[in-house]
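For ligands, and for the atoms within them, numbers begin at 1 and follow the listed sequence. The analysis underlying the following values was restricted to heavy atoms, covering all of them including side chains, and did not include hydrogens, waters or symmetry mates.
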Amino acid sequence: NKGKYEHYMQKEIHEQPESVTTTMRGRLIRGGSSKAKTVLLGGLKYHLKTIRRSRRIVFIGCGTSCNAALAARSIVEELSGIPVTMEIASDLVDRQGPIYREDTAVFVSQLGGTADTLLALEYALENGALCVGITNTVGSEIARRTHCGVHINAGCEIGVASTKAYTSQIIVMAMLALAIGGDTLSNQARREVIIDGLVDLPCKVKEVLKLDNEIKDLAKLLIAEQSLLVFGRGYNYATALEGALKVKEVALMHSEGILAGEMKHGPLALVDANLPIAVIATRDACFSKQQSVIQQLNARKGRLIVMCTKGDAASVSVGGSCRVIEVPQVEDCLQPVVNVVPLQLLAYHLTVLRGHNVDQPRNLAKSVTTQ
Ligand code: UD1
Ligand code: BG6
């Protein structure tokens, strides 16, 4: 049932204030003023000790699920102190890459039945790693075959292009970081601001959804383009990849997410006065570097769309044709949850304006159960 919406993708994008709330329900424990705030992930209760002892955490998935894991990578590293590596499921299997008994392998899959992810799971089980699932589907093969895991509880997602599952996956992995980090004193202040940030997140997602009309106007400007580049770095490198994936999947427009730190090592050659380039430059430790990226793209007459923190328009805008999208600020590691929303909306509106099928894009399937 699409309710008041025209498409499931649109409904699922707008449902995110509620879906992120259900993902967190019962899992954030906010004690009194003297009591530390903590996270409780029931599914990991008996395995946290093993996870904390592991030598490495390996995130494994495909498509959007892989991007969600990348978005959470650095907060998991920061709070757990354990190195985190990323594997695209098919590539791990192709390479027969190293997976050890001392590893925790985390399988991220919204539907829990993706063939490539299941093959990687079989491989990790054979190699003796502790296998943890993060999935939206109770009873799915990944949920059943992993040793333990967390259901993201985002509710059923029908649009082939994943939207609300993505934001819920990031939230679960941020909670995973908090759970592994445990109650170490050194991280306590950071943990508490993240938990407060999680509690506030549904409001911020609601706020960013108000950009809908503004983004629709932006989509009108891009309707006839052949390509869109999206530059991000740090916490929002994954946002760039995921935004570009959405545009590619549904709007059938070439789009590429680019690590801004790599700009000078190739992508700069593409910049001219015609190619639209989105730059994610919200406030975090990388902000000044992104300001300099904007200056350099502008110096080459790049056609820029800049996503910045509310109130920062003047510090990022390079005048002329530059378009600015202002988003609410949240704790740095949660910012990808907010920042992906305008890009989801952009992909959605571009698709409708270009006259393509939103919910069942050409040649794609929601669940890829064959190799
Ligand atoms: C569970 C209940 C939830 C209830 C809550 C109350 C289920 C599915 N969940 O939620 O309805 O409100 O207790 O305390 O009954 N698992 C895997 N692999 C995965 C995902 C999950 O092995 O990929 C396992 C977990 O380790 C756990 C079980 O499935 O044993 C349920 O996981 P989850 O729903 O995340 O647990 P709770 O949040 O505790
Ligand atoms: C398919 C879907 O390619 O599988 C994508 O079209 C999805 O949206 C990918 O990201 C992985 O699916 P899952 O269920 O393993 O997260």
Protein heavy atoms: any of them under 4.0 Å from [atom]?
atom	value
atom 31 (C) of ligand 1	yes
atom 22 (O) of ligand 1	yes
atom 4 (C) of ligand 1	no
atom 26 (O) of ligand 1	yes
atom 7 (C) of ligand 1	no
atom 10 (O) of ligand 1	no
atom 13 (O) of ligand 1	no

Looking just at side-chain N and O atoms, do [X] and [Y] make a donor-acceptor pair shorter than 3.5 Å?
X	Y	value
Ser54	Thr104	yes
Gln110	Thr137	no
Thr282	Gln335	no

Between ligand 1 and Arg27, can you find any atom pair, the residue atom being a heavy atom, that is separated by under 4.0 Å?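 It does; at least one heavy atom falls under 4.0 Å.
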Check whether any side-chain N or O of [X] sits under 3.5 Å from a backbone N or O of [Y] as a donor-acceptor pair, and report yes or no.
X	Y	result
Asn357	Asp359	yes
Thr309	Arg283	yes
Asn67	Leu70	no
Asp103	Tyr100	yes

Answer yes or no: does an N/O atom from [X] fall short of 3.5 Å to an N/O atom of ligand 2?
X	answer
Leu111	yes
Gln169	no
Val160	yes
Thr64	yes

Starting from [atom], which protein heavy atom do you reach first, and at what distance in Å?
atom	answer
atom 12 (O) of ligand 2	Thr114 OG1, 3.4 Å
atom 36 (O) of ligand 1	Gly43 N, 3.8 Å
atom 9 (C) of ligand 2	Cys62 O, 4.1 Å
atom 7 (C) of ligand 2	Gln110 NE2, 3.6 Å
atom 39 (O) of ligand 1	Gly42 CA, 3.3 Å
atom 28 (C) of ligand 1	His151 CE1, 4.3 Å
atom 18 (N) of ligand 1	Thr146 OG1, 2.8 Å
atom 16 (N) of ligand 1	Gly149 N, 3.5 Å
atom 16 (O) of ligand 2	Ser65 OG, 2.5 Å

Residue Cys148 vicinity, atoms of ligand 1 by number, heavy atom under 4.0 Å: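 Matching atoms, with element in brackets: 16 (N), 17 (C), 18 (N), 22 (O), 26 (O).
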Close approach, Val368 and ligand 2, non-hydrogen under 4.0 angstrom: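 Per 4.0 Å heavy-atom rule, Val368 contacts ligand 2.
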Judged by non-hydrogen atoms, does Ala365 sit under 4.0 Å from ligand 2?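 Per 4.0 Å heavy-atom rule, Ala365 contacts ligand 2.
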Residue part near ligand 2, for Lys366, under 4.0 Å between non-hydrogen atoms: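 For Lys366, only backbone atoms sit under 4.0 Å from ligand 2.
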Go through Asp217 and His349 one step at a time and tell me if the side-chain hydrogen bond (donor to acceptor under 3.5 Å, both in side chains) criterion holds. CA-CA 9 Å; Asp217 290 341; His349 288 300; over 6 Å; no
Under the side-chain hydrogen bond (donor to acceptor under 3.5 Å, both in side chains) criterion, do Lys246 and Thr64 qualify, and how do the steps go? CA-CA 9 Å; Lys246 287 298 85 119; Thr64 290; 3.0 Å; yes
Test salt bridge (Lys or Arg N to Asp or Glu O under 4.0 Å) on Glu15 and Lys164; report intermediate values, then the result. CA-CA 7 Å; Glu15 240 167 39; Lys164 64 174 181 170; 2.8 Å; yes
Please test Gln188 against Thr184 for side-chain hydrogen bond (donor to acceptor under 3.5 Å, both in side chains), starting from the C-alpha separation and ending with a verdict. CA-CA 7 Å; Gln188 189 175 330; Thr184 45; over 6 Å; no
Any nitrogen or oxygen of Val150, main chain or side chain, under 3.5 Å from a nitrogen or oxygen of ligand 1?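 No.
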Report the C-alpha distance between Thr163 and Gln344 in whole Å, list the side-chain angles of each, state the deciding distance to 0.1 Å, and finish with yes or no for side-chain hydrogen bond (donor to acceptor under 3.5 Å, both in side chains). CA-CA 7 Å; Thr163 51; Gln344 294 171 340; 5.0 Å; no
Glu6 with Lys2: basic N within carboxylate O range, under 4.0 Å: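 So Glu6 does not pair with Lys2 through a salt bridge.
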Assess whether a salt bridge exists between Asp332 and Arg190, defined as any Lys/Arg side-chain N lying under 4.0 Å from an Asp/Glu carboxylate O.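 Salt bridge present between Asp332 and Arg190.
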May I ask whether Ile134 and Ile142 are part of the same hydrophobic cluster, defined by side-chain heavy atoms of I, L, V, M, F, W, Y residues being less than 4.5 angstrom apart, directly or through others?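 Result: no, two separate clusters.
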